[in-house]
Peer 1: 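The structure is given below, and queries will be raised subsequently.
Below, chain A is the first sequence line, B the second, and so on; all start at residue 1.
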Amino acid sequence: MAFLVRFWGTRGSIPTPGRATYRYGGNTSCVEIRNGESLFICDGGTGLRELGVDLIKRSSAPISAHLLFSHMHWDHIQGFPFFAPAYRPQNRFCIYGTHPGDTRFHSLLSGQMRSAYFPVDFSELNAHVDATDLGPDGARDIEGVIVRCFEQKHPGLSYAYSLEKDGLKVVYATDNEIDLTLTDPTQPVREPNAPRLIPGKFIEFCRNADLLIADGQYTDAEYLKCTGWGHARATTVVDLAVQAGVRQVAIYHHDPMQSDRDVEAKIEVCRQRAARFGSPLFVFAAREGIELKVN
Amino acid sequence: MAASNDGGDELGALTAENEIPVLPVQVITRPYMLQQIRGPGSPTVHNLELETMIVGRADDAEIRIGSTALSRRHMRLERYQGGYRALDLDSSNGVYLNEVRVFSAVLRDGDTLQLGNAVFLFHEGK
């Protein structure tokens, strides 16, 4: 059965409304992934608010969803207090930790709703919002979809998730500075056109993904000013995707300083890089409001 | 600006000589449009004025394209958040938004939509 993947927020770091970001969107990280009746939500940035509105419009039936958070930085959780389905008693949400007994994400989400930060306390949410986890190997069968996590390079750590079913695979991997994990992190400056060697474990995690959604926040020039901030060169994401045999990659978590034109220029450079490697990889910019059918 | 009786001395009374002329404002509106730039029937422009419209080769499609590269009911355009969005109706050859195959998409001014051998430009109204 196909995965339906819809982008509700594609911007990194902070919301950026306005004309300059009209096409690709200004809401922060949030991706809806559906497989049949199963609903997964990757991150709860400001895009989550609109997803909540849309879910309520779609049907009056109870909403059940599995929430997978990359980490708890603001741009990945700010939408949660405004997620209207969480205020309705018939709905149920599971928030997944990455190892047995891990309830960090659940407790940190509730922490951002303390009165000093937000007028409505987490305990006042009427929906069932449960803490659970992915199990001992960071992998779990959730309604027939195999979900796995992978620890990434980011200040305070972050996690990628893969979702697999019926031979189809979608990987959500944001806020990951893979450039710092390269076998030779100085190589991209010395030899910008040479293939960059990505750690084998992460390549295996992304292997043969039908869709990879990956943090490609920076252009090569931007990255040099932002090294250590936890985000990747978009061009390095191309190398990851090529080496992992990925079918299509959505460059995600666009820098807040990038206009629509800047995003398009970034993607063009990525496409040229994939073409130079002779790869059939399709590269595109994650854009708010588009939905893909992965089949 | 209306002249005030009690403040008239300070502000100065409006007279025919100092009254600021107001030019008539013409509000120009333009409908949302789908401009076909390639494929059978092009070039042509379709005004988008209905809540939903079908694009395809079916006789009853609101925007009919005479090409076997399109499914009978290929794509639906529907009002969404004050604009339009496009939905692939499980067509054989898909809907490509700026070269990306999409299942659905909220459309923005200047977007290119390709359905089979027909290519359209989407123009937002105002």
Peer 1: So what's closer than 4.5 Å to chain B heavy atoms on Phe282(A): side chain, backbone, both or neither?
Peer 2: side chain

Peer 1: Does CZ belonging to Arg261(A) count more than 12 external heavy atoms closer than 6.0 Å?
Peer 2: no

Peer 1: Out of the candidates Leu4(A), Val294(A), Val5(A), only one should pair with Phe103(B) under the side-chain contact (heavy atoms from CB on, under 4.5 Å) rule; please name it.
Peer 2: Leu4(A)

Peer 1: Just wondering, are more than 12 heavy atoms of other shown residues or ligands nearer than 6.0 Å to CZ in Arg88(A)?
Peer 2: no

Peer 1: In Å and rounded to the nearest 0.5 Å, what is the CG to CG distance from Leu97(B) to Leu292(A)?
Peer 2: 10.0 Å

Peer 1: Supply the atom-to-atom distance Ser104(B) OG to Lys293(A) NZ, rounded to the nearest 0.5 angstrom.
Peer 2: 11.5 Å

Peer 1: May I have the step-by-step check of side chain to side chain contact (heavy atoms under 4.5 Å, CB included) for Asn98(B) and Arg23(A), ending in yes or no?
Peer 2: CA-CA 11 Å; Asn98(B) 307 329; Arg23(A) 186 179 303 276; 4.0 Å; yes

Peer 1: With rounding to the nearest 0.5 Å, note down the distance linking CD in Gln81(B) to CG in Asp54(A).
Peer 2: 8.0 Å

Peer 1: Taking C-beta and beyond as the side chain, do Tyr22(A) and Glu124(B) meet within less than 4.5 Å on heavy atoms?
Peer 2: yes

Peer 1: Verify the neighbour count for atom CZ of Arg72(B): are there more than 12 heavy atoms of other residues, nucleotides or ligands below 6.0 Å?
Peer 2: no

Peer 1: Step through the shown structure and confirm whether more than 12 heavy atoms of other residues, nucleotides or ligands are within 6.0 Å of CZ on Arg73(B).
Peer 2: no

Peer 1: Using a cut-off of 6.0 Å, state whether more than 12 heavy atoms not belonging to Arg30(B) lie near its atom CZ.
Peer 2: yes

Peer 1: Within a reach of under 6.0 Å around CZ of Arg49(A), are more than 12 heavy atoms found that belong to other residues, nucleotides or ligands?
Peer 2: no

Peer 1: Look at atom CD1 of Ile146(A) and say whether more than 12 heavy atoms of other residues, nucleotides or ligands are closer to it than 6.0 Å.
Peer 2: yes

Peer 1: Asp111(B) versus chain A, heavy atoms under 4.5 Å apart: side chain, backbone, both or neither?
Peer 2: both

Peer 1: Crowded around Arg79(B) CZ? As in, over 12 foreign heavy atoms under 6.0 Å?
Peer 2: yes

Peer 1: Against chain A, label Glu99(B) side chain, backbone, both or neither, depending on which of its atoms sit under 4.5 Å from a heavy atom there.
Peer 2: both

Peer 1: Check whether any side-chain heavy atom of Arg287(A) lies under 4.5 Å from a side-chain heavy atom of Arg108(B), and answer yes or no.
Peer 2: yes

Peer 1: Under a 4.5 Å heavy-atom cut-off, does chain A meet the side chain of Leu107(B), its backbone, both or neither?
Peer 2: backbone

Peer 1: Quick check on Glu50(A) against chain B: is it the side chain, the backbone, both or neither that has a heavy atom closer than 4.5 Å?
Peer 2: side chain

